[in-house]
Amino acid sequence: MNEIINNILTRRSIRVFKEEQIPESDLNIILEAATFAPTGMNAQSWHFTAIHSKEKLAELNSLVQKVLVTHPGADPGMPYIDFLKNMAEAPNFNFFYHAPTLVIATNSINSASAAPQSDCTAALQNIFLAAHSLGIGSCWIHLLVLISDLPEIKDHLTALGVPLDHKIYGSAALGFPGRSNPKPSPRKSGVITIVK
Ligand SMILES: Cc1cc2nc3c(=O)[nH]c(=O)nc-3n(C[C@H](O)[C@H](O)[C@H](O)COP(=O)(O)O)c2cc1C
């Protein structure tokens with residue numbers, strides 16, 4: 001099997017990370033790989049905000065926890081809010097599994113692409129695969145997508161570098177895996193049709 005296919009088949013979502021920070025040189029390669037994903041109309045209207053600081057991530061986690069815990073809940077505009085509040089009430093809450101780096105993928109609300117979400121998703125998959133090829137574990141972290149319009153979160157993310165006129169589509173936790181690679185869950189059958 002060639003190395004690329006092997007890399008795709010052996011990547012797994014990692015949810016236990018070592019404390020050690022990933023090298024900036026590796027982060028740069030991973031981010032470059034993100035920017036080489038395809039985009040609708042070649043818009044490239046995305047932005048990747050990489051938080052490569054455990055201190056800044058701890059501040060973000062504390063803010064997210066505070067905002068969720070103090071949210072009144074039961075908001076029809078935020079269908080998952082009660083579930084999220086419940087999660088945030090855990091004293092050891094950490095929404096990115098204590099990974100030392102988090103990359104937030106966003107796209108312009110005025111993108112020329114007809115599919116800004118898909119563009120970010122393609123970039124995130126490049127991030128996961130590039131990271132895995134360098135021995136770095138990763139996991140998609142969706143929480144920020146669900147709460148990014150809450151004013152305190154929006155202001156904090158803007159201060160960190162997320163462009164004001166961008167929407168968050170996903171984020172990637174990155175760090176050295178704290179355990180051996182989990183086994184893939186069994187693949188569902190019947191999901192492929194080849195027409196000859
Ligand atoms: C759109 C999307 C959102 C996801 N959100 C989360 C998340 O918030 N937290 C998490 O731990 N995993 C998240 N995942 C990872 C999935 O749980 C994981 O990919 C799936 O269980 C299959 O495992 P694998 O990645 O090891 O193949 C997400 C994956 C996708 C594609």
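Just the heavy atoms: all of them, side chains too, but no hydrogens, waters or symmetry mates, feed the values below. The structure presented is a predicted model; accordingly, all values stated were derived computationally and were not measured. Both ligands and their constituent atoms are indexed starting at 1 by order of listing.
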### Query
Does any pair with a residue in residues 145-170 pass side-chain hydrogen bond (donor to acceptor under 3.5 Å, both in side chains), and if so which ones, sequence neighbours excluded?
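Listed by first then second residue: Lys66-Glu152, Thr106-His166.
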### Message
If you apply the rule side chain to side chain contact (heavy atoms under 4.5 Å, CB included), what do you find for Leu157 with Leu60, and how did you get there?
### Response
CA-CA 8 Å; Leu157 293 175; Leu60 176 61; 4.0 Å; yes
### side-chain hydrogen bond (donor to acceptor under 3.5 Å, both in side chains) partner of Ser113, the single match among Thr39, Asn42, Asp119
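When side-chain hydrogen bond (donor to acceptor under 3.5 Å, both in side chains) is applied between Ser113 and each of Thr39, Asn42, Asp119, only Asp119 qualifies.
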### Message
Tell me whether Phe48 shares a hydrophobic cluster with Val162, the cluster being built from Ile, Leu, Val, Met, Phe, Trp, Tyr side chains joined at under 4.5 Å.
### Response
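Hydrophobic grouping puts Phe48 apart from Val162.
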Give every pair made of an N or O atom of ligand 1 and a protein N or O atom lying under 3.5 Å apart, one pair per line with both atom names and the distance to 0.1 Å, or write 'none'.
residue: ligand 1; atom: 8 (O); partner: His142; partner atom: N; Å: 3.0
residue: ligand 1; atom: 9 (N); partner: Trp140; partner atom: O; Å: 3.3
residue: ligand 1; atom: 11 (O); partner: Arg15; partner atom: NE; Å: 2.7
residue: ligand 1; atom: 11 (O); partner: Arg15; partner atom: NH2; Å: 3.3
residue: ligand 1; atom: 11 (O); partner: Tyr97; partner atom: OH; Å: 2.5
residue: ligand 1; atom: 12 (N); partner: Arg15; partner atom: NH2; Å: 3.1
residue: ligand 1; atom: 12 (N); partner: Trp140; partner atom: O; Å: 3.3
residue: ligand 1; atom: 17 (O); partner: Arg15; partner atom: NH2; Å: 3.0
residue: ligand 1; atom: 19 (O); partner: Ser13; partner atom: OG; Å: 3.3
residue: ligand 1; atom: 25 (O); partner: Arg11; partner atom: NH1; Å: 2.9
residue: ligand 1; atom: 25 (O); partner: Arg11; partner atom: NH2; Å: 3.2
residue: ligand 1; atom: 25 (O); partner: Ser13; partner atom: N; Å: 3.4
residue: ligand 1; atom: 25 (O); partner: Ser13; partner atom: OG; Å: 2.6
residue: ligand 1; atom: 26 (O); partner: Arg12; partner atom: NE; Å: 3.1
residue: ligand 1; atom: 26 (O); partner: Ser13; partner atom: N; Å: 2.8
residue: ligand 1; atom: 27 (O); partner: Arg11; partner atom: NH2; Å: 3.3
residue: ligand 1; atom: 27 (O); partner: Arg12; partner atom: NE; Å: 3.4
residue: ligand 1; atom: 27 (O); partner: Arg12; partner atom: NH2; Å: 3.0

### Query
Between the main-chain N or O of Gln117 and the side-chain N or O of Asn107, is there a donor-acceptor pair closer than 3.5 Å?
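Here the side-chain-to-backbone pair does not exist.
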### Query
Between the main-chain N or O of Asn61 and the side-chain N or O of Asn94, is there a donor-acceptor pair closer than 3.5 Å?
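No, because the side chain of Asn94 does not come within donor-acceptor range (under 3.5 Å) of the backbone of Asn61.
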